[in-house]
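Hydrogens, waters and symmetry mates play no part in the numbers below; they use all other heavy atoms, side chains included.
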Protein chains: 4
Amino acid sequence: MVALTAKARDARQVRSDDALRTALLSLIGHRAYDKLTVRDIVAEAGVGYATFFRHYPSKDALLDKVAGDELDELMALTAPLLTPADTRTSSLALTAHVGARREVWTALLAGGAASHLRVEFAKRAVKVARPDTVSPWLPMDLGVILGVSGTVEILAWWLRDKPETPSEMVAELLDRLVIKPAMDR
Amino acid sequence: MVALTAKARDARQVRSDDALRTALLSLIGHRAYDKLTVRDIVAEAGVGYATFFRHYPSKDALLDKVAGDELDELMALTAPLLTPADTRTSSLALTAHVGARREVWTALLAGGAASHLRVEFAKRAVKVARPDTVSPWLPMDLGVILGVSGTVEILAWWLRDKPETPSEMVAELLDRLVIKPAMDR
Amino acid sequence: MVALTAKARDARQVRSDDALRTALLSLIGHRAYDKLTVRDIVAEAGVGYATFFRHYPSKDALLDKVAGDELDELMALTAPLLTPADTRTSSLALTAHVGARREVWTALLAGGAASHLRVEFAKRAVKVARPDTVSPWLPMDLGVILGVSGTVEILAWWLRDKPETPSEMVAELLDRLVIKPAMDR
Amino acid sequence: MVALTAKARDARQVRSDDALRTALLSLIGHRAYDKLTVRDIVAEAGVGYATFFRHYPSKDALLDKVAGDELDELMALTAPLLTPADTRTSSLALTAHVGARREVWTALLAGGAASHLRVEFAKRAVKVARPDTVSPWLPMDLGVILGVSGTVEILAWWLRDKPETPSEMVAELLDRLVIKPAMDR
DNA sequence: CTCTAATCGAGACGGTACGTCGCGTCTTACG
DNA sequence: CGTAAGACGCGACGTACCGTCTCGATTAGAG
């Protein structure tokens with residue numbers, strides 16, 4: 001049995017935290033992230049103003065947390081599959097997951113949050129990047145940047161402009177335009 | 001016959017406008033764009049606060065103007081060269097020009113202005129995009145998005161992380177990672 | 001049963017409000033009211049700028065409140081005494097009270113606030129004016145105007161030019177020059 | 001032949017000056033004096049903005065000039081008639097003159113300019129005040145103040161509230177309520 | 001009847017104060 | 001006795017006028 005050392009959190013804390021995260025995602029779907037105020041969020045969450053700051057030091061911190069969790073889930077699914085031999089499987093896993101959580105990802109990629117997402121995405125991508133996954137002539141840091149950027153742009157285009165496109169076709173585009181070019185030798 | 005160059009403006013207007021644009025570029029190099037206030041800009045420009053709004057309705061409008069002008073110059077040089085047959089020439093023209101105006105582009109690509117630049121860039125790119133410059137299997141709007149995004153990311157990486165890289169090598173990367181994949185059939 | 005004295009307000013509100021009112025009175029003594037800025041007042045009060053507007057919609061509103069309260073107190077003392085038979089008692093009550101609160105009244109009557117005071121004074125005077133207190137040949141509204149105006153002028157002259165004059169003598173002047181002429185038949 | 005010594009002014013100056021004075025009087029009839037901007041006045045006058053300041057150092061200066069001229073005319077007519085023996089003649093001259101220039105005086109007495117008028121009026125009144133025109137028990141400066149104030153109030157009431165009242169009746173009120181009480185011994 | 005200097009219109013400019021808004025802290029009263 | 005409600009200090013916003021100034025265009029009136 002594992003002694004759950006860390007933080008045994010008050011039930012109310014969990015409730016407030018959930019409310020805040022849900023409220024952010026809900027609001028970001030209808031309004032630009034930077035036109036959103038902390039007061040909007042707490043009103044939507046049905047939570048006291050000061051309570052927000054007991055959970056997050058700023059609006060950005062909440063966004064980073066929400067986006068970060070979502071990205072962690074995504075990375076856990078796709079990164080292990082990423083081998084030079086079969087990039088298609090990884091691409092498909094990615095688009096399938098995003099397609100399944102469409103609402104959340106639409107909110108994150110629209111409404112001005114995309115740039116925050118990009119940063120969080122890049123942080124995680126550098127951790128899993130291995131030298132053998134990019135071509136020798138391509139500096140690895142640039143490879144990561146382009147991989148993240150291309151992925152974000154394709155997903156945003158998909159969810160924003162062509163939501164009917166099946167995830168397999170998006171995976172194909174992702175593989176062909178972003179992954180493959182970086183692995184070409 | 002005198003070539004009446006459009007609007008003959010008061011000399012003071014020109015002076016203030018120049019001061020504002022220069023100030024923005026100068027400040028953006030040292031501080032994040034969104035941590036910049038209009039008051040910072042006018043202080044740097046040595047111009048009265050209200051004068052800012054006589055020239056631009058907002059901080060964003062000034063940035064868009066500055067970035068837009070720079071982009072217009074860039075597009076004028078590179079777009080005419082963009083043919084499917086010889087994309088390398090166009091890439092080289094682009095990186096050479098950016099390298100020549102290194103300070104300005106460094107300022108625009110660092111400091112949080114990159115997302116604004118991306119938007120302005122895309123506006124101009126859709127105007128020059130022709131069906132024969134992207135593959136049939138690639139929706140043209142997505143092609144433009146990825147072209148712009150990839151270009152911005154590579155330039156930002158170059159100027160920020162590897163300023164010593166010769167422009168020819170950057171052009172090679174640009175061509176291979178961004179242009180070619182979109183033209184592949 | 002607890003006598004709930006109307007609106008039980010936050011202690012901070014009371015503190016800020018007091019500070020603002022005191023600051024206005026203090027500043028108005030040294031500088032013309034219309035040369036006074038809201039920023040001056042909040043600086044004197046040791047209160048944030050925005051806080052001013054959380055209490056009053058404008059500088060005038062604060063003055064009207066301060067002057068109004070002072071006038072309410074004055075009217076409560078003098079109006080009941082105002083009978084055609086014995087106007088002297090009323091006049092004396094008035095000058096005695098003003099003399100007792102000399103600093104406040106000096107501030108209100110000097111420094112350009114007199115015209116505001118006049119208006120507030122008139123509002124209250126019309127409420128207590130009774131037909132039998134002015135002569136038949138004198139329209140009552142004009143009677144009120146002249147009564148108020150004359151009173152204000154005499155008080156201002158007293159406090160500004162002849163502060164040593166005893167209140168009894170001022171009451172005599174007030175009665176003879178302002179009250180009596182309007183009651184003469 | 002009269003040698004026009006003084007300033008032989010440029011015809012354009014005279015035109016601009018007239019336009020400004022007329023514009024002020026015209027505007028003051030419809031809007032409160034202190035809600036009036038210099039730009040409003042020059043727009044109404046059809047005169048350039050800077051031109052205003054070539055004629056008057058401030059908005060107040062223009063008002064004082066306009067009001068002052070009007071008062072000079074009034075004083076020239078009424079002051080000579082002011083004798084203890086026959087104050088009625090003087091009162092009548094005053095109300096008759098104001099009635100004849102009704103529009104101008106209405107503008108000056110309404111619209112917040114009354115307090116400026118009061119000051120200018122008082123300046124002129126102290127110059128013509130003679131000891132024998134006020135009672136011994138009444139300090140002369142207070143006599144002047146009350147005379148001016150009462151006159152202004154009565155005129156304002158007349159023009160604002162009871163414009164149909166014949167000037168003779170106003171003169172009667174003025175004499176009985178303002179002049180006589182100050183001369184009573 | 002011309003020429004020249006005064007005057008003008010137009011309006012940009014540096015300032016100052018306005019009143020609003022949102023932030024993040026801190027207090028207060030209530031349940 | 002903890003928490004929501006919200007007052008507060010702060011500081012940027014964008015607006016409105018102020019009074020100064022620069023700029024050509026025009027126009028009076030002296031020669």
Side-chain angles (χ1 to χ4, degrees), chain A residues 10 12-13 16 34-43 45-54 56-61, chain B residues 8-17 19 34-43 45-59, chain C residues 8-17 19 34-43 45-59, chain D residues 8-17 19 34-43 45-61:
Chain A
D10 191 310
R12 286 165 300 183
Q13 277 187 35
S16 294
D34 56 315
K35 298 299 173 196
L36 220 60
T37 73
V38 173
R39 282 184 158 85
D40 292 334
I41 298 172
V42 299
V47 146
Y49 181 69
T51 301
F52 182 95
F53 297 97
R54 291 185 195 108
Y56 299 97
S58 68
K59 194 179 61 161
D60 280 10
Chain B
R9 300 196 308 156
D10 192 310
R12 288 167 293 177
Q13 279 191 46
V14 177
R15 205 178 331 134
S16 295
D17 193 76
D34 56 314
K35 298 300 174 196
L36 220 58
T37 71
V38 173
R39 286 185 154 84
D40 293 333
I41 299 172
V42 298
V47 146
Y49 181 71
T51 298
F52 182 94
F53 298 98
R54 290 180 188 117
H55 288 256
Y56 299 97
S58 68
K59 195 179 60 160
Chain C
R9 300 196 309 156
D10 192 311
R12 289 167 293 179
Q13 280 190 45
V14 178
R15 205 171 353 169
S16 295
D17 193 75
D34 56 315
K35 298 301 174 196
L36 220 58
T37 72
V38 173
R39 285 185 155 83
D40 292 333
I41 299 172
V42 299
V47 145
Y49 181 71
T51 298
F52 182 94
F53 298 97
R54 291 181 185 117
H55 289 255
Y56 299 96
S58 67
K59 196 179 58 161
Chain D
R9 301 199 307 158
D10 190 310
R12 288 167 295 183
Q13 278 188 32
V14 178
R15 207 167 17 201
S16 295
D17 192 75
D34 56 316
K35 297 301 174 195
L36 221 57
T37 73
V38 174
R39 283 184 158 85
D40 292 334
I41 299 172
V42 299
V47 145
Y49 181 68
T51 299
F52 182 95
F53 298 96
R54 292 181 189 115
H55 290 257
Y56 299 97
S58 69
K59 194 178 62 161
D60 280 9

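Contact detail for B:Ala45 and B:Ala19: the closest heavy-atom pair is CB-O, 3.5 Å. The shortest heavy-atom contact between B:Val42 and B:Gly48 is CG1-O, 3.9 Å. Nearest heavy atoms, B:Tyr49 versus B:Val38: CE1-CG1, 3.6 Å.
Close to E:dA12, at under 4.0 Å from its OP1 or OP2, lies no side-chain N or O of B:His55. For A:Thr51 and F:dA4, the shortest distance from a side-chain N or O to OP1 or OP2 is below 4.0 Å. Between B:Ser16 and the phosphate of E:dA12, there is no side-chain N or O to OP1/OP2 separation shorter than 4.0 Å.
Between the CD1 atom of A:Ile41 and the C1' atom of E:dG22 there is a distance of 12 Å, rounded to whole Å. In this structure, CZ of C:Arg12 is placed 4 Å from C1' of F:dA7, rounded to the nearest angstrom. Atom P of nucleotide F:dA5 and atom CZ of A:Phe52 are separated by 16 Å, given to the nearest angstrom. One can place CG of A:Asp34 at 14 Å from P of F:dC13, the figure rounded to the nearest angstrom. Here the C1' atom of nucleotide E:dG19 and the OH atom of C:Tyr56 are 17 Å apart, to the nearest Å.
For B:Gly46 and D:Gln13, each mapped to the nucleotide of DNA chain E holding its nearest heavy atom, the one lying further toward the 5' end belongs to D:Gln13.
Side chain of B:Lys59 to main chain of B:Ile41: no donor-acceptor pair is present (N/O by atom type, distance under 3.5 Å, no hydrogens or angles). Checked by atom type and distance alone, the side chain of B:Asp40 pairs as donor or acceptor with a backbone atom of B:Thr37 at under 3.5 Å.
When side chains are defined from C-beta on, C:Gln13 does not count as touching C:Arg54, because their heavy atoms never get closer than 4.5 Å.
Ring geometry for C:Phe52 against C:Tyr56 counts as tilted: the plane angle lies between 30° and 60°, on a 0 to 90° scale.
Backbone-only contact: C:Arg15 has heavy atoms under 4.0 Å from sugar-phosphate atoms and none from a base.
The CZ atom of B:Arg12 sits 10.5 Å away from the OG1 atom of B:Thr51 when rounded to the nearest 0.5 Å.
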B/S/- contact track for nucleotides 15-20 of chain F, protein heavy atom under 4.0 Å: BBBBBB
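Over its full length, the helix from E:dC1-F:dG31 to E:dG31-F:dC1 turns its helical axis through 30°, comparing axes from the five pairs at each end and rounding to 10°.
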